[in-house]
Protein chains: 2
Amino acid sequence: MTPTSYVVLGCLALAGPATPYGLKQTVAGSIGYFWSFPHSQLYSEPERLARAGLVTEQREDRGRRRRTYAITDAGLAALKAWVVTPTDELPQIRDIGMLKLYFGSIADGEQLAELARVRTDAHRRRRELYSEAAAGHDSGPGIRAGEALALRFGIAFEDASIAFWGSLAKGLND
Amino acid sequence: MTPTSYVVLGCLALAGPATPYGLKQTVAGSIGYFWSFPHSQLYSEPERLARAGLVTEQREDRGRRRRTYAITDAGLAALKAWVVTPTDELPQIRDIGMLKLYFGSIADGEQLAELARVRTDAHRRRRELYSEAAAGHDSGPGIRAGEALALRFGIAFEDASIAFWGSLAKGLND
DNA sequence: CCTATCATGTAATCCGTTACATGATTAT
DNA sequence: ATAATCATGTAACGGATTACATGATAGG
């Protein structure tokens, strides 16, 4: 079971049965901001889960032969058990920009300043996206509480990033 | 060329020729905080780089037959070109705790509060680690500027995380 | 001297990405 | 009609993780 497995289980649990494409829709624009993967995963992963008995697969027997997946009781139990076990494993931040900065001593100041500007902008845009999503979110409470919290953290992260790269850009500017 | 490739190239560029184990040492306790991978990667990746002519491999012909890798001119050029090209690709935060929180609606409040406490503690410890590393770092300036910057960002990130999970733990408490 | 930990390496498996492909809808 | 985009799926490759394995060194 990888994190991807639980994303699929979680989406099926929260939003009900879905096709791989439906999962793609669900993931994009929500948890996908924080944990993304190509859509092909959403074909192979449910297959694995089905083999493990955590979801059921039902396939149209005519037309496009679309598959619809639904979470089973075993799947729900597995998801619950996972959610309920606290992790102390720390987040992994995979940030190409940070990597480049880390090895930045082989570049000159102006190049690093440009990097910092580009990054500041990218983070600003992302921050916008999050706050819009959060705003459009104030309507449906309850079920989507997790999403609102994730967005709140996302905004905090973007703010920290903007502050960091922004001050770096300023500091490197002449 | 994956990010891992550039981590290896960068370490060889900054710290000079090294064996896979040496690379492991270099990575752990520095860039490894932000971009980690198992040590077996540090055996296979230099091999790939050697095939591409970006590093040279020299192997002891007796004893343990240890391999030592050194960056070539081509490798340095590739690293430089990569560093100098600004990326607008955003960081990926892979945070198991955030995932669990996202799907937290299937758990109860006390369980989420426990998760929040565990996460707060983990982030506090990590923050400690970073600030110690940053303190012990004030000595050697210049070459290690990138590392100091990365640590600064790391601390900002941990602060944001502590604030987020901390307030969540408080809010969920009764 | 023995045991634990450090140091060093290999192999196999599998997830994840990239690339390829094609059937439906919608818009112009 | 035709182009474009949405919807749906498969195949193959390779990097990353996990597991296995063993030679040195130090501590008790």
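Chain letters run A, B, ... following the sequence lines, proteins first and then strands; every chain starts at 1.
Between B:E110 and B:R117 there is a salt bridge, since a side-chain N of the basic residue sits under 4.0 Å from a carboxylate O of the acidic one.
Residues A:P86 and B:L115 share a closest heavy-atom pair of CA-CD1, 3.9 Å.
Computed from coordinates, the B:E45 CD to C:dT10 P distance equals 15 Å when rounded to whole Å. Rounded to a whole Å, the CG atom of A:L23 is 11 Å from the P atom of D:dG9. Whole-Å rounding puts the A:K24 NZ to D:dG9 P distance at 12 Å. Look at CZ on A:R94: it is 8 Å from P on D:dA16, rounded to the nearest Å. A:L42 has its CG atom 13 Å from the P atom of D:dT10, to the nearest Å. What separates CZ of A:F37 from P of C:dC15 is a distance of 14 Å, to the nearest Å. One atom, CD of B:E47, and another, C1' of C:dA11, lie 12 Å apart when rounded to the nearest Å. At whole-Å resolution of the value, CE in A:M1 and C1' in C:dC14 are 15 Å apart.
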Query - Step-by-step salt bridge (Lys or Arg N to Asp or Glu O under 4.0 Å) determination, A:R48 to A:E45 - result: CA-CA 5 Å; A:R48 280 195 278 272; A:E45 187 59 39; 2.9 Å; yes

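Comparing A:H39 and A:T2 by the nucleotide of DNA chain C whose heavy atom lies nearest to each, the residue mapping closer to the 5' end is A:T2. In this structure, B:R59 and A:P38 both approach DNA chain C, and ranking their closest nucleotides by distance from the 5' end singles out B:R59.
Aromatic ring centres of A:F34 and A:Y130: separated by under 6.0 Å.
At a cut-off of 3.5 angstrom, the base of D:dT8 holds no donor-acceptor pair with the side chain of A:T19.
Comparing C:dG9, C:dT18, D:dA7 by their closest approach to the side chain of A:S40 singles out C:dT18. The side chain of A:R48 has C:dG16 as its nearest neighbour among D:dG9, D:dA11, C:dG16. The side chain of A:Y21 lies closest to D:dA7 when the candidates are C:dA7, D:dA7, D:dA11.
Between B:T4 and the phosphate of D:dG15, there is no side-chain N or O to OP1/OP2 separation shorter than 4.0 Å. At the phosphate of D:dG15, neither OP1 nor OP2 sits under 4.0 Å from any side-chain N or O atom of B:S44. Side-chain N/O atoms of A:R66 include none lying less than 4.0 angstrom from OP1 or OP2 on D:dA7. Between A:R67 and D:dT10, a side-chain N or O to OP1/OP2 separation shorter than 4.0 Å is present.
Counting non-hydrogen atoms under 4.0 angstrom, A:Y43 reaches a base of the nucleic acid.
Rounded to the nearest 0.5 Å, atoms OH (B:Y33) and CZ (B:R126) are 7.0 Å apart.
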